Amino acid sequence: MATLFVALAVAGGLVLIVVYRSLTDAADEATSTRSQEIVDALARGGIGAVPPTELEPTDSIGVVQVLARDGTVLAASHERHRVRPLVTPVDAGVRRTVNDATFPGDGTEFRAVVRGVTTPDGTVLNVVVGAGEGHLHATVWTVFGVLCVVFPSILVVAAVTTYQLVGRALRPVEAIRAEVAEISRSGVARRVPVADTDDEIATLAVTMNEMLDALAFAREQQIRFVGDSSHELRSPLVTILGLLELAVRTGEPIDSGTVSTLLLPEAHRLRDLVDDLLLLARADEYGLRPSLDEVDLDDIVNDEVTRLDLTTDRDISATVLPVRAIGDRDQLGRVVRNLCDNAVRHARSAVAVTMAVEPDRVTVRVADDGPGIPADDRARVFGRFVRLDDSRDRRGGSGLGLSIVDEIVRAHHGTVTVSDTDGGGCSIEVSLPLRADQVDGSPPLSASR
């Protein structure tokens, strides 16, 4: 409204200037024309050649005078105008416009034109033609009065209309704000009302509901994650605490066999679980940022195959190709280790590790001959603490291994896919880029999945 007030004030000022200039231009045109006609007559034959009609006033011309060089009034439009000149005479050939000219003792103002002319006998005379400024000022003041009435009325109408329209437009926004405030206070997962208007407000409500859905989903995931991680952490802690409490009660030391078969494996399991949780927490908050270098991926795969040969009774077969990839050696080693441990855990008798090289990518495939993963559950296996209903989930593990694989591979701008093997088992394939320009840029956050 302040902007509108300034705009109206400027517009009003421009209107007054235009009206005043238009009136003064019209007055100047009339006085110039009349004075030129009288000057022409004086130049032809002196004062006697001036027609009497040229000295008569009109609606636009209030006074006409013919002056001698010393200021004596020789002829005038009215007897009262013969006493004194309206303006000071000028030299022959000079033209001058005078504003606010008045007769002594008379407050009437004139906008006058005075011209000097030489008659045929060599006498210098002046012609004065003036237009009264009273009607000019009256017209300008009338327009000003009209603007003072009309423009405030426009301002008031605009203010009321704007208030009503903006209030009506923002009413759905207030409803959204109130609902969000209530959701914040109560913690109940509700949704904001969506107006049936198909405009920006409705779009805002839809976007707000999508955000609330995402927050509710994140909260559910957080609660589930905390519950699952607490359960996973509790299991090794219960074993360790139980043995320690038993040793305290009996007063007997824990034998080395118990330490090597129970305490140490559970402590390692607890350590690995904490490391996995920390890695996933960093991935959620900042995204994994691997240290990118050229890595001998075949060495990593070969080391893991050798480890499997030494630590498991499964039949291990491998096809290892010499290839250098771009990535973080420790993180890629963890990917291959997790895939191999997952395959050994679920294999009946055999695990196969194969590599394939394309012009710009390398693929590592780890397959087992276990029960396989149903097609509907293949996307879920990369979730955290996911528990499937089949036998693949009944053989130990924290449920975080494949989640970590997914996080690391995505941080390297690669892909992970799950498929069946020919014998009905499970095959997990990791594809990684070979060139540095394929892994430039920030790694994706977990929430971008």
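The residues of the chain are indexed from 1 along the displayed sequence. Computed from a predicted structure; not experimentally measured.
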Can you spot which of T142, L16, I154 makes a side-chain contact (heavy atoms from CB on, under 4.5 Å) with L147? L16

Do we see a donor-acceptor contact under 3.5 Å between the side chains of Q65 and R82? no

Near D59 CG, under 6.0 Å, is it more than 12 heavy atoms from other residues, nucleotides or ligands? no

Residue R324 excluded, over 12 heavy atoms near CZ under 6.0 Å: yes

Testing the basics here: between V90 and V94, what is the closest heavy-atom pair and its distance to 0.1 Å? CG2-O, 3.6 Å

How long is the gap from CG on L136 to CG on L23, to the nearest 0.5 Å? 4.5 Å

Are R21 and I17 close enough that some pair of their side-chain heavy atoms sits under 4.5 Å apart? yes

Within 6.0 angstrom of F5 CZ, more than 12 heavy atoms from elsewhere: no

Nearest-0.5 Å distance that lies between atom CZ in R334 and atom CG in D330: 10.0 Å

Going by atom types only, do T88 and R96 share a side-chain donor-acceptor pair under 3.5 Å? no

If the threshold is 4.0 Å, N to carboxylate O, is there a salt bridge linking E174 and R177? yes

Determine which pairs satisfy side-chain hydrogen bond (donor to acceptor under 3.5 Å, both in side chains) with at least one residue from residues 205-217, sequence neighbours left out, and list them in order. R191-D213

With rounding to the nearest 0.5 angstrom, report the CD to OH distance, E133 to Y20. 6.0 Å

Has F103 got more than 12 heavy atoms of other residues, nucleotides or ligands less than 6.0 Å from its CZ? yes

Do V295 and I300 come within less than 4.5 Å of each other through their side chains, counting heavy atoms only? yes

Note, L67 side chain near L125 side chain (heavy atom, < 4.5 Å): no

Enter the distance from D91:CG to R115:CZ here, rounded to the nearest 0.5 Å. 15.0 Å

Residues D328 and H412: closest non-hydrogen pair is N-NE2, 3.0 Å

Between D406 and R410, is the salt bridge (Lys or Arg N to Asp or Glu O under 4.0 Å) condition met? List the steps. CA-CA 6 Å; D406 184 50; R410 286 191 303 110; 3.4 Å; yes

Between CG on residue N99 and OG1 on residue T24, distance to nearest 0.5 Å: 8.5 Å

I'd like to check V301 versus L321 (side-chain heavy atoms, cut-off strictly below 4.5 Å). Are they in contact? no

Nearest heavy-atom neighbours spanning R365 and S427: NE-OG, 2.7 Å

Show your reasoning for whether salt bridge (Lys or Arg N to Asp or Glu O under 4.0 Å) applies to R337 and D303. CA-CA 9 Å; R337 176 180 289 262; D303 290 344; over 6 Å; no

Report yes if the side chains of V66 and V73 come closer than 4.5 Å at any heavy-atom pair, otherwise no. no

Before you tell me yes or no, could you show the steps for S32 and R95 under side chain to side chain donor-acceptor pair (under 3.5 Å), namely the whole-Å CA-CA distance, both residues' side-chain angles and the distance that decides it to 0.1 Å? CA-CA 10 Å; S32 294; R95 179 185 183 279; 2.5 Å; yes

Decide yes or no for I428 and N342: does some side-chain heavy atom of the first lie under 4.5 Å from some side-chain heavy atom of the second? yes

Mind checking the CG-CD spacing from D25 to E29? Nearest 0.5 Å is all I need. 9.0 Å

Do the rings of F110 and H81 sit parallel, tilted or perpendicular, given the 30° and 60° boundaries? perpendicular

Heavy-atom closest pair (G46 atom, P120 atom, distance to 0.1 Å) is N-CD, 3.7 Å

Looking at every heavy atom in both A112 and L86, which two are closest together, and how far apart are they? CB-CD2, 3.9 Å

Report yes if the side chains of V430 and V335 come closer than 4.5 Å at any heavy-atom pair, otherwise no. yes

Could you tell me whether D28 and R111 have a side-chain N and a carboxylate O separated by less than 4.0 Å? yes

If we ignore hydrogens and angles and just use 3.5 Å, is the side chain of D121 paired with the main-chain N or O of T123 as donor and acceptor? yes

What one should report as the nearest heavy-atom pair of S153 and V149 is OG-O, 2.7 Å

